[in-house]
Amino acid sequence: MASTPSPVAETAPHLDVLTTLNPPQRAAVTAGDGPLLIFAGAGSGKTRVLTYRIAWLIEQGRARPGEILAVTFTNKAAREMRTRVEQLLQLGATGIWMGTFHAIGARILRRDGSAAGIDRHFVIYDEADRLAAVKRVMDELHLDEKRYPAGGIVTLISRAKDELLSPAEAAARAATPVEEVASQIYMRYQPLLERNRALDFDDLLGRTVRLFQDHPDVLERYQQRFKYILVDEYQDTNKPQYLMVTHLAAKHRNLTVVGDDDQSIYRFRGADIRNILSFERDYPDAQVVKLEQNYRSTQAILDAAHHVIKANASRVAKRLWTERQGGPKIVVAQTYDEQEEALAVAQEALRLVAQGDYSLSDLAVLYRTNAQSRAVEEVLLRRGLPYKLIGGLRFYERREVKDILAYLRLIANPDDTLSFSRVINVPRRKLGEKTLVLLGAFADGHELTPWAALERVSEMAGLPGQALRSLEEFRETLKEVRAAAQERPLVEVVELLLTRIGYERYLRESGPEADERWANVLELRGLASEYDGLAPGEGLQAFLEDVALMSDVDSLDERPQGLTLITVHMVKGLEFRVVFILGMEEGLFPHSRSLDDPAGLEEERRLAYVGMTRAKDRLYLFHTFRRHLYGNANLNIPSRFLKDIPVELVEGSAGLPAGVPASGMAPARAIEAARAAAPLTVVQRYAPGDTVEHKSWGRGSVLKSTLTRTDEELIVKFDRVGMKILAVSLAPIKKV
DNA sequence: CGAAAGGCTCTTTTT
DNA sequence: GAGCCTTTCG
């Protein structure tokens, strides 16, 4: 600390408000009481406005920190906001409730859920747990998973919960056979969770809403407490979230919502864009502020994005502008296939870095589906270019991490039968199916949870001595660790657990990935050590809670330098100087699942808009002529979104009419470089008239053979399945 | 009992 | 291609 007071320390937030904010931002920050709707376009300083407003409210004495509730979309956003408010106020913002809807819901339910019969030590089931639970129910009901995919059932149950439907209500509304089945499963799924003292993600929201509705006294306390409520990313709220906010804000009506209807991209999980579009109807006295000045991108990028988004019907009219006039044109480039696409990205990335203007961490590669990252990764690995892959198999979804977490959850909550099943034979305790069936039957017969059955294992008949000893050992281990959890720091509990179950040795014998797996376990232990400051029992509880609600983007910043590989969904809220968007093709982006659904297409368009507006300086849009999907080669048409971008904004081959073939297109320089780097290797082997034998399609005759850069492409008419396009290097065919 | 092999399906996005 | 499940074999 400097001995003389620094100007910053003396600069109260209200001064900043006057000098460093543009007029609409200032209006939003200093808006008085009552409902306030802020349309915050991409890069318009949204977080700044939110944090300044919170600081301003406190500064002005309108609210104490403890009277403010700020809800964000990710933990990362919450953390950022807290840090920035603290900086502004030069004091702790500890009293402020800040977090995701799910975290806030969990917190409320821990404190007051008992009124609604919710045990305050509930565990939170993630997507995988929920799937396992559904599978278990389907097993009990002897439902064939082939006919009714468990994943689809999970989605349907989740949809019902989004609509706050009870199992009975869902059954009454079931309109299709699948929905009928799903509601039957839901009917058993929910009690299963209750027996396990578990809540799934949807419950964290839905049960909170129900708590508020059934217990006005509880609601009243929270209403009283939160004088000001601020909600970020309001366009992505679903019904339970909407109701949570509505209930909480009903008393003081000091509700500030920030959002951008153009960036609503979570319809598939129940987000309802109408929540933001009808805010003014919900609150006729609402003040409305539009933030349209963008501080991120060049005008060229904004214009291109605007032309893509403006085709949407259901949106509030607005247009971003920036003082960064001009800027390089958008590069639209077609490559032959996804390998060439990846090569082109790598080449261009290297070129930009070599010029000295950018470092790799300024660059991001965006794609619609996680599967697309693979081709890029392969190229980057081969070139030795560092990258960070966001998403995919998440840390908390790795088997070894889930194993340990299941143990910890079972320690925190002996009734968690799903975790019990997961760890009972991990590491191997030589317990066979027979033993587990016996134990299960004993538990059912005495209406016990598996854990309670284990406590009485000596009463069980027909158990081999070996199995009995194994079960008893398992029980004693857990008891010992559970006792430790009551009195020792969490990290020691984890260490004790690992030692007692011999997990390291087990992993070491598990194959080539042993080192990486063990490293993950150690990382988990490291995370646990951050909770050592808390009282022993609480540390475990808090740790499990945070872990359950944690996502991959949350730890994005701590990763080492390199190119960022990320889906368009997860990139929302982030920005990069250079952005490559891959796979701008019909069927991929927009995704095939959306093609026949206008609302789905509008969402795809918003998704494209989100991706494009992440770029500060340069934007590249790639599409391929041919792409492999699930092993098959597809010939792809350029995305309709590309055609919406005016030609004068584009360098390369935009404005393509649908169906134009790849040949004859002027390739961008990146493509040239990629081609130079990967010489032609194939020799022609087929001619029209040749007969071929395909592994699954049988016989056919070759109509046409085209030699491409890296491969030979055949059009074959099969006797049984008709015309197909094949790549010689991939297709399981033989010349006859 | 457990490992290995084979066969099957399903592939959008995820707090 | 990959993960998941079942079957088979040692």
Side-chain angles (χ1 to χ4, degrees), chain A residues 71-78 99-106 124-128 130-132 135 139 144-147 149-152 154-155 158 161-162 200-205 232-233 236-238 240-241 264-271 338 366-375 378 390-394 396-397 399 425-436 464 466-467 470 509-511 548-554 566-573 583 587-595 597 600 603-604 606-608 610-611 628-633 730:
Chain A
V71 192
T72 59
F73 196 60
T74 63
N75 296 301
K76 185 171 171 247
T100 61
F101 274 104
H102 294 87
I104 300 287
I124 299 170
Y125 274 5
D126 67 12
E127 233 40 55
R130 160 193 272 199
L131 184 69
K135 280 183 178 173
D139 230 32
D144 184 8
E145 247 208 73
K146 305 247 158 75
R147 267 189 77 166
V154 166
T155 305
S158 187
K161 289 190 172 190
D162 284 343
D200 64 23
F201 282 147
D202 297 323
D203 290 338
L204 294 178
L205 310 173
D232 195 7
E233 310 276 18
D236 278 328
T237 50
N238 63 14
Q241 290 166 335
S264 169
I265 56 172
Y266 285 107
R267 194 178 75 104
F268 69 90
R269 66 175 195 217
E338 70 273 13
L366 277 50
Y367 36 80
R368 179 66 178 72
T369 69
N370 274 310
Q372 289 170 257
S373 71
R374 191 188 191 84
E378 278 169 8
I390 315 300
L393 187 57
R394 303 199 273 161
Y396 295 107
E397 284 166 9
R399 199 182 69 199
N425 208 24
V426 175
R428 300 261 126 71
R429 294 192 175 82
K430 304 199 168 159
L431 296 167
E433 197 186 341
K434 261 195 195 161
T435 308
L436 297 184
Q466 166 75 41
S470 276
E509 292 162 4
S510 74
L549 299 172
M550 188 74 72
S551 79
D552 241 26
V553 252
D554 292 336
I566 189 168
T567 64
V568 204
H569 277 93
M570 295 189 82
V571 82
K572 190 169 77 159
L588 189 59
F589 203 178
H591 196 272
S592 53
R593 291 280 180 109
S594 316
L595 293 182
D597 168 19
E603 176 136 317
E604 294 288 316
R606 293 192 291 267
L607 206 42
V610 167
H628 297 114
L629 229 57
Y630 328 126
N632 299 325
L730 300 156

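Every chain is numbered from 1, with letters handed out A, B, ... down the list of sequences. All heavy atoms count here, side chains included; hydrogens, waters and symmetry mates do not.
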Closest listed nucleotide, where the reference is the side chain of A/Arg374 and the choices are C/dG1, B/dT15, B/dT14: C/dG1
Spacing of A/Leu588 atom CG relative to B/dT11 atom P, expressed in whole Å: 16 Å
Distance below 4.0 Å between A/Asn75 side-chain N/O and B/dT15 OP1 or OP2: no
Rounded interatomic separation in angstrom, taking CD1 from A/Ile390 and P from B/dT13: 15 Å
Nucleotide B/dT15, atom P - distance to CG of A/Asp203 in whole Å: 18 Å
Sugar-phosphate only, base, or nothing, as touched by A/Phe101 at under 4.0 Å among non-hydrogen atoms: nothing
5' priority, DNA chain B, between A/Ser594 and A/Thr100 [closest heavy atom]: A/Ser594
B/dT12 phosphate, OP1 or OP2, under 4.0 Å from A/Thr567 side-chain N/O: no
Within-4.5 Å side-chain heavy-atom neighbours: A/Val568 and A/Tyr367: no
Phosphate OP1/OP2 of C/dC4 contacted by A/Lys135 side-chain N/O (<4.0 Å): no
A/Phe73 six-ring centre to A/Lys572 NZ/CZ under 6.0 Å and within 45° of normal: yes
B/dT13 versus C/dC4 - spacing of their P atoms, nearest Å: 15 Å
Length of the CZ-C1' vector between A/Arg130 and B/dT14, whole Å: 10 Å
Trace of the side chain to side chain contact (heavy atoms under 4.5 Å, CB included) decision for A/Thr237 with A/Phe101: CA-CA 9 Å; A/Thr237 50; A/Phe101 274 104; 3.8 Å; yes
Between P of B/dT13 and CG of A/Leu607, the distance in whole Å: 11 Å
Donor-acceptor pair (no angle test) under 3.5 Å: A/His569 side chain, B/dT14 base: no
5′-ward residue of the pair A/Pro149/A/Ala371 relative to DNA chain B: A/Pro149
A/Glu604 with A/Arg368: basic N within carboxylate O range, under 4.0 Å: yes
Under 5.5 Å and under 30°: A/His591 stacked on B/dT12: yes
A/Leu131 CG to B/dT11 P, straight-line distance once rounded to whole Å: 11 Å
Nucleotide B/dT14, atom C1' - distance to CD1 of A/Ile566 in whole Å: 12 Å
Phosphate OP1/OP2 of B/dT14 contacted by A/Asn370 side-chain N/O (<4.0 Å): yes
Integer-rounded Å distance: B/dT14 P and A/Asp202 CG: 16 Å
Complement of B/dC8, any strand, by Watson-Crick or G-U distances under 3.5 angstrom: C/dG3
side-chain hydrogen bond (donor to acceptor under 3.5 Å, both in side chains) partner of A/Lys161, the single match among A/Asn238, A/Asp200, A/Asp202: A/Asp200
Sugar-phosphate only, base, or nothing, as touched by A/Glu127 at under 4.0 Å among non-hydrogen atoms: base
